[in-house]
Amino acid sequence: MSWTWFHRLASPPYIYGLAARLTPWFGWAAALLILCGLYGGLVLAPPDYQQGNDFRILYVHAPSAWMSLMVYTTMAVAAAVGLIWRMKVAHAAAASCAAIGASFTFAALVTGSLWGARMWGTWWEWDPRLTSELILLFLYLGYMGLRGAIEDIQRADRASGLLAVVGVVNVPIIHYSVVWWNSLHQAPSVMRFGKPAMPPAMLLPLLIMLAGFTLLFAALLLVRLRGEILNRERTASWIRAAVQA
Amino acid sequence: MSSARTAAVQPVAPHLDASGWPASPVGTPALAAARLVLLRDLTLAFRRRGELIQPLAFFAIVTTLFPLAVSPELSRLREIAPGVLWVAALLAALLALEFLFRDDAHDGTLEQYSLSGQSLAWLLLAKTAAHWLLTGMPLSLIAPLAAEALGVSGTGLAGVVASVAVGTVALSLIGSISAALTLGIRRSGVLLSLLTLPLSLPVLIFGARATELAIRGLPFTAPLELLAALAVLGITLAPLAAAAAVRISLE
Amino acid sequence: MSHALEAENLQLWRGERQVLRGVGFSLAGGECLQVRGANGAGKTTLLRAACGLLYPEAGRILWDGTDVRADPAAYHARLIYIGHEPPLKPDLSALENLRFWIGVRQPVERSVMQAALERVGADRWSTRAVRTLSAGQRRRVALAALALLAVPLWLLDEPTTNLDAEGQQLVGNLIEEQLVRGGLVVAAGHHELPVSAARVRRLELPLE
């Protein structure tokens, strides 16, 4: 039955080899898309009628923010697979996601802060998007902290996996409550655009950047995953042959 | 087979299976089991009566920090009173969380609960309920006193009690998950807080808002209902996650 | 028709160490399995795996022919597991401990608990806080639970630790009675249990 592909995915040597083969494809495609997106966004797109050229930081900020959430979701899904089917590779994948996701979150916060500095003159604003990103960063740090505090890898996997699943369920609740909180005090948001919907010339580079960032995540994930597998399986016999190859 | 019972004690054996053993899986009904767990935790807490006061004392001390750090003017304090109350309550609840499962994990009680044939989630809910009765409920009763000390006048104090009570229920439940996840980790106090705080931010937001509206004499049903919704969600889901985390810690 | 416990080819890792390599056994009603091995050979691990607390990477545990993972709650209701340390709360008395420990599983009355404590010679200190008792006295209180709960499977880790000669004989008597009733006992430890040899099966766990 078609479950064989599922069980093959669970095999560390198979994933190790597959990751090695796929990484260059993802990597180069990501580089290409990001370069195109940056050119389109920084050079080709017309200035926003309200914010002038300042809005261009959106082309790094929005994909980073989007990825920070997507990586967390991926991490939670991988953890859930690992918990339900007791798959070591799934746990290794979840572990590999964490630092990448935290970096995207940090990038989103920094670019958001820079943007705010241009617009409002202050390095920080408690607007709902930035606040949600900050909380997401804390969730990542909590995950990595829990993982680091437990010595036994199996137990660390399962505990942090459960935390990731609980976290992903909470993210919408947290986001809603932050938006609700912010609306009480009518603080303006940094991220609003000019009233007309974004023209294609502005939108297209954004989508390209998004695709590029996604492929970048995939490439980084595969690289880290290989490292994770290498570390976890270092006493296994297939490692020696694989490393020499 | 049954003639060979030589023990001086006849254990309770309602119905017997083909081998002569009690056939019904678990003799004690779930509600009675939960009552026993609750009773046990309350009994244990009262054996060490001195420790019961600690979360409350901590709450009082934290509340005192703000006038000292900000200003003794009641008009200024009144403005920040809801926030102060909630931050103090949150910190006190966090401190008390460390001891929710700690002792039971250490002496094998949690292990016995997971092997009892009863639903572990149900038993942990009973433990969390006992924990709330010992920490959250007293906190919600002295919150009005702290509010008065921060310049809040008599009206709306019932709202303060209600919002802190419901909020601390949700906090205990959310905290039970992170307390279960950090079992067996040495010096886990800070990690426990780091894990619990982001998850409890919605409680803080709705709770502080409800308290603020109550203090100002305005209707506070909207945030209170949201808070209650979180508490209900917590009652249904948190014990399941906590039970899974306990089982992970027993592996 | 009696109960049966089987373990098939258990493989279990703790961290990076493989503790159980293909361990298997078969136990029928009226039999006692004595698990022996040096420190670190995996006796406690095997007991905990048999309870369902630990999850083997390969192999399975069968109770009456069905995998225990199919219905863990029903399986747990048929067993009692007593580990190295008796699960007693220091601030409660022996009576209170038994009431909360066993009462969660089966309704117990005070008179029945008192009789069980008498049986194991612990009735004289039944109302003192457990923290005032010695290790041997605590072990006896834990044994009272065995006299109290009617379950077919006993999993005992080092049941004779801290007990004097009379206490060890008590353990032997309790186990014998359980076996005569058709129950099963799995006991891990270094000491030879004072149980009639005909009913004892042995399992030796190798070290590494």
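Letters A, B, ... are given to chains in the order of the sequence lines, protein chains preceding strands, and every chain is numbered from 1. Source: prediction; values computed, not measured. Side-chain atoms are counted along with the backbone in the values below, which use heavy atoms only and exclude waters and symmetry mates.
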inquiry  = Between C:Asn173 and C:Glu177, does the side chain to side chain donor-acceptor pair (under 3.5 Å) criterion hold? Intermediate values first, please.
reply    = CA-CA 6 Å; C:Asn173 293 344; C:Glu177 287 161 20; 5.9 Å; no
task = Would you sort out whether C:Gln178 and C:Arg181 count as a side chain to side chain donor-acceptor pair (under 3.5 Å), showing the intermediate values?
result = CA-CA 5 Å; C:Gln178 169 78 347; C:Arg181 281 195 285 265; 3.1 Å; yes
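Note: C:His3 and C:Trp63 have parallel aromatic rings, judged against thresholds of 30 and 60 degrees for the angle between ring planes.
In this structure, chain B has a heavy atom under 4.5 Å from the backbone of C:Leu88, while its side chain stays farther away. Contacts between C:Pro72 and chain B at a heavy-atom distance below 4.5 Å are absent for every atom of the residue. With a 4.5 angstrom heavy-atom cutoff, B:Leu120 does not touch chain C via any of its atoms. Interface remark: B:Arg35 contributes no atoms to any contact with chain C (heavy atom separation under 4.5 Å). For C:Glu176, no part lies under 4.5 angstrom from a heavy atom of chain B. Both the backbone and the side chain of C:Arg99 come within contact range of chain B, each with at least one heavy atom under 4.5 Å from a heavy atom of that chain. The parts of B:Arg40 that come within reach of chain C are both its backbone and its side chain, each placing non-hydrogen atoms under 4.5 angstrom from that chain. The parts of B:Glu251 that come within reach of chain C are both its backbone and its side chain, each placing non-hydrogen atoms under 4.5 angstrom from that chain.
Note that CG of B:Leu139 is 5.5 Å distant from CG of B:Leu56, once rounded to the nearest 0.5 Å. If you take CZ on C:Arg128 and CG on C:Leu92, they are separated by 15.0 Å, rounding to the nearest 0.5 Å.
Residues B:Leu100 and B:Ser176 meet the side-chain proximity criterion, which asks for heavy atoms closer than 4.5 Å.
In terms of heavy-atom pairs under 4.5 angstrom with chain B, the leader among C:Val151, C:Ile80, C:Leu54 is C:Val151. Considering only heavy-atom pairs separated by less than 4.5 Å from chain C, the leading option among B:Thr43, B:Leu39, B:Thr109, B:Asp103 is B:Leu39.
Stacking of C:Arg69 on the aromatic ring of C:Tyr55 is recorded, both the 6.0 Å distance cut-off and the 45° axial limit being met.
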